[in-house]
2 protein chains.
Amino acid sequence: MTKAETVTAATTARADFIEKIGVIAQSEGLPRIAGRVMAMLLYDGERVSFGQLADALQVSRGSVSSSVRMLESQQLIKRVAKPGDRQDYFQVVDHAFANMVEAAATRVRRAATDIEESLREIPASETGPRARVADYAAYYRAMGEGLDTTAEALRKSR
Amino acid sequence: MTKAETVTAATTARADFIEKIGVIAQSEGLPRIAGRVMAMLLYDGERVSFGQLADALQVSRGSVSSSVRMLESQQLIKRVAKPGDRQDYFQVVDHAFANMVEAAATRVRRAATDIEESLREIPASETGPRARVADYAAYYRAMGEGLDTTAEALRKSR
DNA sequence: TAGTGTGTTCAGTCAAAATTGAACACGTTG
DNA sequence: CAACGTGTTCAATTTTGACTGAACACACTA
């Protein structure tokens, strides 16, 4: 490959990656744009400005705003300053992946709590339903613990 | 509580449970009706007919059809016969929860494969992006393994 | 102070997904 | 065979949520 070809290959690989993560995010129930923002920050590594995000991803500033806020709230990215530029910049936080798993664990635990609440409403005489609903809650608890274990493992590596 | 009160409490507890699981299913990106079907089968334990599902959940037969087909395809419920009744009956399969986790593991592994495919497209000269994308793929692999461990644990218990 | 750059908000638009209900295919029953 | 019961399919509808873009608030700058 000539140098020019390598540059082209890199650009299309980057674009493909960003789009692919957008689709994956969507399939996981997240907004597509949030996935693409995360992908761009991940790929580029260095801080990226608010304007660059809107520009490169071809989306409205409103969408960038809501996406970065969601990603910030999930502790996946952080807002940083660049001296001499009034724009906000963003970059992926350390242990972002561990935080993703942690967030999933939290959601699962919330579901477990909800189900346990239902369980308490079932009269003691209903032994069959009670046992089955309890199993269901236990399943969510097991999921939560498994996710926590994974999160911890990810946090330790690197 | 009188006996009548207990019966009432049981009925509303059942209805609440079914609705709650419907909402949880929805929040996990599954059709709400599928969640309610699963909940009803889970709560009742014994086989439930196609007609009872449509009737009790107040949904069209078309919805019941697509929901049970989805749940069957994910190995969460099975279609069984009841002698003397032409209707199809359904009940939760053994290890349904383990199968749920297994399905999640499969989805995650598919994502990992997708990302690894992207990784292969990035020129070797792009060491930074390559390292970060590889980390991302490794995260999905770790998730897959964690989920498999959880699935196995669930399968062993009971 | 007026003007410009920046991010947020929110009402409106749009697209995707869920849900319905009617047409249909197939088996059973009288 | 005709009538009915049963589950599936699919076009139409409804609902949900993402996304846009304009109005806005705020801070900086000339």
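Here is the naming used below: chain letters follow the sequence lines, and residue numbers restart at 1 for every chain. Scope of the values below: all heavy atoms of this structure, side chains included, with no hydrogens, waters or symmetry mates.
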### Atom-to-atom span, CD of A/Q52 to C1' of C/dT6 - whole angstrom
15 Å
### Query
B/Q87 CD to C/dG27 C1': how many Å, rounded?
14 Å
#### Entry: Reported CZ-to-CG distance for the pair A/R14 and A/D44, which is rounded to 0.5 angstrom
4.0 Å
### side-chain contact (heavy atoms from CB on, under 4.5 Å) evaluation trace for B/Q87 with B/Q52
CA-CA 10 Å; B/Q87 281 185 86; B/Q52 287 173 322; 5.9 Å; no
### Query
Counting distance only, does the side-chain N/O of B/R130 pair as donor-acceptor with the main-chain N or O of B/L119 below 3.5 Å?
yes
### Message
Output the rounded distance in Å from CG (B/L53) to P (C/dT20).
### Response
13 Å
### Query
Which distance, rounded to the nearest 0.5 Å, do you find between the CD1 of A/I18 and the OH of A/Y43?
8.5 Å
### Option from B/V80, B/L53, B/L71 for which side-chain contact (heavy atoms from CB on, under 4.5 Å) with B/F90 holds
B/L53
### Query
In the 5'-to-3' direction, what one-character label does each nucleotide of nucleotides 8-30 of chain D receive under the scheme B = base within less than 4.0 Å of a protein heavy atom, S = sugar-phosphate only, - = no such atom?
BB---------SBB-----B---
### Query
Above 12 or not: heavy atoms from other molecules or residues under 6.0 Å from CD of A/E72?
yes
#### Entry: For atom CG of B/D55 and atom P of D/dG5, their distance in whole Å
15 Å
